[in-house]
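Written below as structure tokens is the structure these notes are about.
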Amino acid sequence: MSELDPVKLMKQEVGRAAAARVQSNTVIGLGTGSTTAFAIQFIGERLKSGELSNIKGIPTSFQASVLAKQHGIPLTTLDEADEIALAIDGADEVDSQFNLIKGGGAAHTREKIVDGLAKEFIVVVDSSKLVDKLGSTFPLPVEVLPMAVTPVTKALEALGGKPELRMGIKKDGPVITDQGNMVLDVTFSGIDNPAELERTINNIPGVLENGLFVGVATEVLVGEVKDGQASVRNL
Ligand code: 5RP
């Protein structure tokens with residue numbers, strides 16, 4: 001029996017499965033969050049054991065960059081890399097069409113750039129992230145320029161959302177993203193048309209990016225646990 005709680009166990013095993021998909025001589029997109037952290041750890045272990053070689057990572061956040069360095073994964077940039085073979089990233093919600101809500105770690109702007117450029121984008125989630133309709137369990141993160149927080153809040157309310165400024169934990173005041181912006185977490189009671197809402201929100205002046213990822217993921221790996229035994233399935 002593992003010492004990890006069931007959710008951590010699912011995240012670990014799905015991270016391991018995604019790390020196993022990385023091939024030598026490729027550039028990979030390194031996502032953000034606790035599930036991807038396991039994938040980064042296992043990619044590092046494969047590199048150290050010699051099973052993998054000549055890998056370069058493009059981090060989607062400060063967190064991903066710190067973890068990659070910690071686990072010995074060399075980094076590169078979008079200016080230097082010709083192509084990203086594979087991106088591995090988590091999600092906060094996944095629907096049956098592989099559409100996602102991301103941004104629980106406030107990293108969705110860089111994640112959308114890197115994940116969207118990758119030839120393959122594998123999403124790694126535990127089974128609690130699967131939903132029938134996006135927006136049913138998780139608010140939609142919207143990254144906003146600080147000077148535009150008030151007008152963007154009003155515009156999101158006019159769209160039927162309930163925006164809340166994301167506040168720091170163990171830091172007074174709002175969360176500041178890696179780009180120096182703020183995040184509004186917008187509750188919609190279910191999103192009927194994710195593609196349309198993604199475009200509409202990104203058209204509000206002052207919005208940098210929202211956490212709807214429509215048609216970006218190519219594969220979803222889901223970690224599950226039963227009687228203390230973890231398994232991974234392809235959605
Ligand atoms: C960060 C993200 C994360 O991938 C998402 O929040 C899932 O995180 P976790 O794997 O910790 O559940 O979008 O912006």
Side-chain angles (χ1 to χ4, degrees), residues 4-19 28-43 57-68 86-95 98-116 118 121-131 134-144 164 166-169 174-187 191 194 198 201 207-214 216-225 230 232 235:
L4 289 179
D5 74 51
V7 174
K8 270 198 184 152
L9 189 57
M10 289 190 270
K11 289 181 181 211
Q12 176 181 273
E13 289 315 305
V14 81
R16 193 195 305 274
I28 49 174
L30 302 173
T32 299
S34 54
T35 318
T36 317
F38 281 117
I40 293 174
Q41 177 195 323
F42 290 122
I43 294 166
I58 300 189
T60 55
S61 62
F62 185 67
Q63 181 218 28
S65 137
V66 168
L67 284 173
L86 170 70
I88 299 171
D89 208 343
D92 303 299
E93 283 189 347
V94 181
D95 74 10
F98 293 8
N99 296 323
L100 319 171
I101 284 185
K102 287 184 50 54
H108 55 279
T109 299
R110 291 194 199 185
E111 290 174 328
K112 201 179 279 190
I113 296 168
V114 174
D115 298 345
F121 167 28
I122 300 183
V123 182
V124 284
V125 288
D126 61 82
S127 55
S128 69
K129 307 290 185 70
L130 303 181
V131 294
L134 293 180
S136 40
T137 63
F138 202 85
L140 177 64
V142 179
E143 180 165 359
V144 183
E164 244 185 70
R166 190 180 298 183
M167 302 306 280
I169 296 173
V175 164
I176 304 297
T177 68
D178 289 356
Q179 291 72 241
N181 297 312
M182 294 181 186
V183 175
L184 290 167
D185 286 311
V186 193
T187 302
I191 296 170
E198 182 183 13
I201 293 179
V207 168
L208 194 63
E209 188 54 87
N210 71 78
L212 280 166
F213 283 46
V214 177
V216 186
T218 52
E219 198 173 332
V220 178
L221 297 180
V222 185
E224 294 174 316
V225 72
V232 175
L235 195 65

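When a ligand or atom number is given, it counts from 1 through the structure's own listing order.
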Q: With sequence neighbours left out, write down each residue that passes salt bridge (charged side-chain N to carboxylate O under 4.0 Å, His left out) with Glu13, or none if nothing qualifies.
A: Arg16

**Q.** Top protein contact for atom 11 (O) of ligand 1, by heavy-atom distance
**A.** Ser34 OG, 2.5 Å

(Q) Which option wins on minimum heavy-atom distance to atom 13 (O) of ligand 1: Gly31, Gly15, Gly103? (A) Gly103

(Q) Checking a contact table here: which protein heavy atom is nearest atom 12 (O) of ligand 1, and how many Å away? (A) Lys129 NZ, 2.7 Å

Q) Any idea which protein heavy atom is nearest atom 3 (C) of ligand 1, and the distance to it? A) Thr32 O, 3.2 Å

Q) What atoms of ligand 1 come closer than 4.0 angstrom to any heavy atom of Glu111? A) 1 (C), 2 (C), 4 (O), 13 (O), 14 (O)

**Q.** For Thr187, side chain to side chain donor-acceptor pair (under 3.5 Å) partners two or more places apart
**A.** none

**Q.** Side-chain donor or acceptor of Thr60 paired with backbone N/O of Leu30 under 3.5 Å
**A.** yes

**Q.** Residue Gly105 vicinity, atoms of ligand 1 by number, heavy atom under 4.0 Å
**A.** 1 (C), 2 (C), 6 (O), 14 (O)

Q | Atoms in ligand 1 flagged as close to Gly90, the criterion being non-hydrogen separation under 4.0 Å | A | 4 (O)

Q. Just heavy atoms, cut-off under 4.0 Å: does Asp89 contact ligand 1 by side chain, backbone, both, or neither?
A. side chain

Q. Which of these, Asp92, Thr60, Val14, has its nearest heavy atom closest to atom 6 (O) of ligand 1?
A. Asp92

Q) Should Phe98 and Val123 count as side-chain neighbours, where that means a heavy-atom distance under 4.5 Å? A) no

Q | Nearest-contact summary for atom 10 (O) of ligand 1 - protein heavy atom, Å | A | Thr35 OG1, 2.5 Å

Q.
If the cut-off is 4.0 Å to any non-hydrogen atom of Ala106, which atoms of ligand 1 fall inside it?
A. 14 (O)

Q) Any idea which atoms of ligand 1 are less than 4.0 Å away from a heavy-atom of Lys11? A) 9 (P), 11 (O), 12 (O)

Q | Atom CD of Gln179: over 12 foreign heavy atoms under 6.0 Å | A | yes

Q. Going by heavy atoms in the side chains, are Thr177 and Val183 under 4.5 Å from each other?
A. yes

(Q) Checking contacts here: is it the side chain or the backbone of Pro141 that comes within 4.0 Å of ligand 1, counting heavy atoms only? Could be both or neither. (A) neither

Q.
Could you identify the single nearest non-hydrogen protein atom to atom 8 (O) of ligand 1 and state the distance to 0.1 Å?
A. Gly33 CA, 4.0 Å

Q.
Any heavy-atom pair between the side chains of Asp92 and Pro139 that's under 4.5 Å?
A. no

Q: Check the pair Glu143, Lys112 against salt bridge (charged side-chain N to carboxylate O under 4.0 Å, His left out), reporting the backbone distance first and the verdict last.
A: CA-CA 12 Å; Glu143 180 165 359; Lys112 201 179 279 190; over 6 Å; no

Q | Student check: side-chain heavy atoms of Leu130 and Leu235 closer than 4.5 Å | A | yes

